[in-house]
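Scroll down for the structure; my scribbles are underneath it.
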Amino acid sequence: MAETSTGFKREIKLFDAVMLVAGSMIGSGIFIVSADIGRSVGSTGYLLLVWALTGLMTLAGALSYGELTSLMPKAGGQYVYLRESYGKLVAFLYGWTLFLVIQSGTIAAVAVAFARFTGVLVPWFSEDNVLLDLGFLQFTSVQLLAIASIVLLTLINQQGVKNGTIIQNIFGSTKIIALFALLGFGLLLGTSPEIIDLNFSNMWDAQSVVLDKQTNEVVRAPLAGWALMVGIGTAMIGSLFSSDAWNNIGFSGDEIVNPKRTIVLSMAIGTGVVTLLYILINVVYLTILPLNGDPAGADAFSRGIQFASNDRIGTAVAEVIGGAPATIAIAILIMISTFGCNNGVILSAPRVYYAMAKDGLFFPSMARLNKNAVPGAALAIQCVWASMLCLSGRYSDLLDYVIFAVLLFYILTIAGIFILRRTMPDAPRPYKAIGYPVLPALYILMASFICIILLIYKPNYSWPGLILVGVGIPVYYFFGKRFRKIEE
C-alpha cells in the first residue's frame, strides 16, 4: 500500500471498517445494562422502547455524521469536525475529555470486564485474589490481567494498522456470529410460553423499581406522564453507552481505502447490525426470564431480569437454558466480545491525539508516526493512562460522570453540519446527511432532551462531566503556549 501524504497507510477496507464499527460497539453492556433499564421503567414494552429509541438515535447520529466524514476524511475524526465548526478550543475540550476519561476509561472498564469473565474459566483471576496490598491500593489478579490485555493489544497495534484490523476482523466477526447463535439457541431451547405471557400481558404498565438495600424490600411505584419520560431518559444512559463508539471509525480517516464512501457505509452497516442484534437479544431475554423478580431469589430464574446477580443477565439466561456449561459458553462469548471491543477502541483513539499534537495542542511526540506508520507514542501514552485507571478502580465512576459530556459533544458535532453548510457551501460532499435537516435535528433534540433530564434529575452524572470538560480550558492555554503547530 502506498503511504498517504501524512505518512499513514490506507489499509482499512470496507469489511475492516464494518468490524471496527460493530466490534467497538459490542462490549459487555448488552449482557448487563437491561437489568438497570428494567428497574428504571419497570415494563417489557418500555424496556424494548428504550433500546429502540437508542437504536434510532444511534442510526440518526451515524447517518448525519456521515456527511462530516465524507467532507473531511482525516485522521482525528470528530476532533477535526469540531475544530472546523467551532475552532480549536472546543475541539481540544473534546480531545481532552476523550483522553482523560471517555476513551481511556472505556478501555479500563472493558479490560476489567474481560478479566472478570476470564475468572469464570480460571478462578485464579478474582478480585478477592489480592497480589499486593499497599493499604491505599490493592492490586488484584483481575487488575493484572486487565492491564496485561491492554498492553498486549497496544503492542499489536504498534505493529501497524493491518495487525489491528486482523484482530478486529477475527474477534468482531466471531462475536457477531456467536450473538446470532445465542439468539437461535435462546429461541429454540429457552423460550417459555408462560414467561412470554407473564412479561407481555401488561407490557406497558410502567413502574419505577427501587431496592431498599437495608431491608431488601422492593418498592414499586407507577410511572406516567413526565415521570415516565424522565424514567425513559435516565434508562437510556446505559443503552447509549452500550451503543457508543460507532463514530470511532472516523478517527482513522487517513488510513481508510476510499474513505469518503467507506466510512459512511461502514457506520450505516455496523450501527444497523448492532441495533438489530441488541433489540433481538432483549426479546430473547424476555422470553426466558421474568422481568420482575425477587432480589433474594435462590436462582437466576427467581431473581429475574431486574435483580439478576450483579446485573449479569447474559449469564442468568445461560444458567436457565443450560446450566453451568451454557454459563461457561456465555463467559467465553463475553471474553471475545470485550477483547475485540477493546482492540477497536485502542486502535482508534490515538489518531485523535495525533491530530491534536499536530495542531500544537498535545505533546509533540504524539504527532509522530513510528516505522509502522501508526502513532506509536500516542498508543503508548494511552496504554499507560488506561492502565493507571485500572489500578485506581475509579474508571466506572468516571464513565458515569461523562455521559453528559459525551452527548454534549455529539450534539455540537451534528450541529456542525448546519454550520459547515453555511461556512463551506461549495466544499465537495460526496455524501449528504439523509433526511437533512430533519434527521440531524431529530438527533439533536433527542440528545438535548436526555441532557436536560440529566442536569435536573441526575446531577451526579452531569455536573462532574461538565467540570471535567471545564478543567480542559486552562489546560488548552497551557499546551497552546508551549507547543507549536507541526506542519505536514
Side-chain angles (χ1 to χ4, degrees), residues 27-29 32-33 36-37 39-40 50 54 57 61 78-79 82 86 89-113 136-137 143 146 210 213 230-245 247 311 345 349 352-353 356 361-362 381-382 384-413 444 446-479:
S28 59
I32 296 171
V33 301
D36 185 63
I37 295 172
R39 293 190 295 269
S40 297
V50 165
T54 299
M57 273 190 66
Q78 193 168 350
Y79 167 83
L82 288 167
Y86 304 98
L89 174 58
V90 172
F92 173 82
L93 293 178
Y94 166 72
W96 157 260
T97 311
L98 190 80
F99 173 77
L100 189 68
V101 177
I102 299 172
Q103 210 81 342
S104 301
T106 297
I107 292 168
V110 173
V112 169
F136 65 92
L137 173 69
Q143 290 169 312
V210 179
K213 293 184 178 180
V230 171
I232 292 171
T234 54
M236 289 178 68
I237 294 172
S239 57
L240 283 169
F241 255 139
S242 299
S243 302
D244 200 16
N247 66 318
D311 286 353
V345 177
V352 177
Y353 317 140
M356 293 168 65
L361 298 176
F362 229 170
I381 293 171
Q382 174 184 259
V384 171
W385 180 238
S387 298
M388 289 176 67
L389 289 179
C390 283
L391 291 175
S392 74
R394 305 300 296 176
Y395 48 83
S396 58
D397 291 342
L398 291 171
L399 286 174
D400 287 343
Y401 294 158
V402 299
I403 183 60
F404 180 88
V406 171
L407 289 174
L408 178 62
F409 284 119
Y410 275 142
I411 291 168
L412 289 171
T413 304
I444 292 170
M446 292 178 71
S448 298
F449 174 74
I450 294 173
C451 284
I452 291 169
I453 286 177
L454 290 175
L455 280 171
I456 298 172
Y457 296 98
K458 294 284 185 179
N460 55 314
Y461 282 91
S462 52
W463 292 105
L466 280 177
I467 292 170
L468 283 169
V469 174
V471 169
I473 296 176
V475 177
Y476 167 81
Y477 289 105
F478 172 85
F479 278 118

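In this chain, numbering begins with 1 at the start of the sequence shown.
- Once rounded to the nearest 0.5 Å, the distance linking CG of Leu137 with CD of Gln143 reads 6.5 Å.
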Worksheet item: Does the pair Leu361 and Tyr79 meet the rule for a side chain to side chain contact (heavy atoms under 4.5 Å, CB included), with working shown?
Response: CA-CA 12 Å; Leu361 298 176; Tyr79 167 83; 3.6 Å; yes
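- Contact check for Gln382 versus Val345: no side-chain heavy atoms found under the 4.5 Å cut-off.
- Every residue meeting the side-chain contact (heavy atoms from CB on, under 4.5 Å) condition with Ile232, not counting sequence neighbours, appears here in chain and number order: Val41, Tyr46, Leu49, Val50, Leu53, Leu228, Met236.
- Judged purely by atom type and a 3.5 angstrom limit, Thr234 uses its side chain to pair as donor or acceptor with the backbone of Gly231.
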Practice prompt. Applying side chain to side chain contact (heavy atoms under 4.5 Å, CB included), run through Tyr94 and Leu412 and close with a yes or a no.
Written response: CA-CA 10 Å; Tyr94 166 72; Leu412 289 171; over 6 Å; no
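- In this structure, the side chains of Ile450 and Leu240 come closer than 4.5 Å at one or more pairs of heavy atoms.
- Nearest heavy atoms, Thr97 versus Ala405: CG2-CB, 4.4 Å.
- Atom CD1 of residue Ile452 and atom CZ of residue Phe404 lie 9.0 Å apart, to the nearest 0.5 angstrom.
- Rounded to the nearest 0.5 angstrom, Met446 CE and Thr54 OG1 are separated by 7.5 Å.
- Considering CG of Leu98 and OG of Ser104, their distance stands at 7.5 Å, rounded to 0.5 Å.
- Here the side chains of Leu82 and Thr413 are in contact, with some heavy-atom distance below 4.5 Å.
- Taking all atoms of both residues into account, the shortest heavy-atom contact from Pro474 to Gly470 is CD-O, 3.5 Å.
- For the pair Ile37 and Ala235, the tightest heavy-atom approach, listed with the atom from each and the gap, is CG1-O, 3.4 Å.
- Below 30°, between 30° and 60°, or above 60°: for Phe99 and Trp385 the angle between ring planes is below 30°, a parallel geometry.
- Contact detail for Ala349 and Gln103: the closest heavy-atom pair is CB-CG, 3.2 Å.
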Worksheet item: Given the rule in the side chain to side chain contact (heavy atoms under 4.5 Å, CB included) test, do Leu455 and Leu466 qualify, once you have shown the distances and angles that lead to the verdict?
Response: CA-CA 10 Å; Leu455 280 171; Leu466 280 177; 4.2 Å; yes
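- Nearest heavy-atom pair, Ile453 versus Gly233, reported as atom, atom and distance to 0.1 Å: CD1-CA, 4.0 Å.
- In this structure, OG in Ser462 is found 9.5 Å from CD1 in Ile467, a value given to the nearest 0.5 Å.
- The CD1 atom of Ile237 lies 11.5 Å from the OG atom of Ser242; values are rounded to the nearest 0.5 Å.
- Distance alone, capped at 3.5 Å, places no donor-acceptor pair between the Trp96 side chain and the Ile473 backbone.
- Looking at residues two or more places apart in sequence or on another chain, you find a side-chain contact (heavy atoms from CB on, under 4.5 Å) between Ser387 and Ile147, Ile150, Cys383.
- Closest approach of Cys451 to Leu407, counting heavy atoms only: SG-CB, 3.6 Å.
- Contacts of Tyr477 classified as side chain to side chain donor-acceptor pair (under 3.5 Å), with partners at least two apart in sequence or in another chain: none.
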Worksheet entry | Intermediate values then yes/no, side chain to side chain contact (heavy atoms under 4.5 Å, CB included), Val110 and Ser28 | CA-CA 7 Å; Val110 173; Ser28 59; 5.6 Å; no
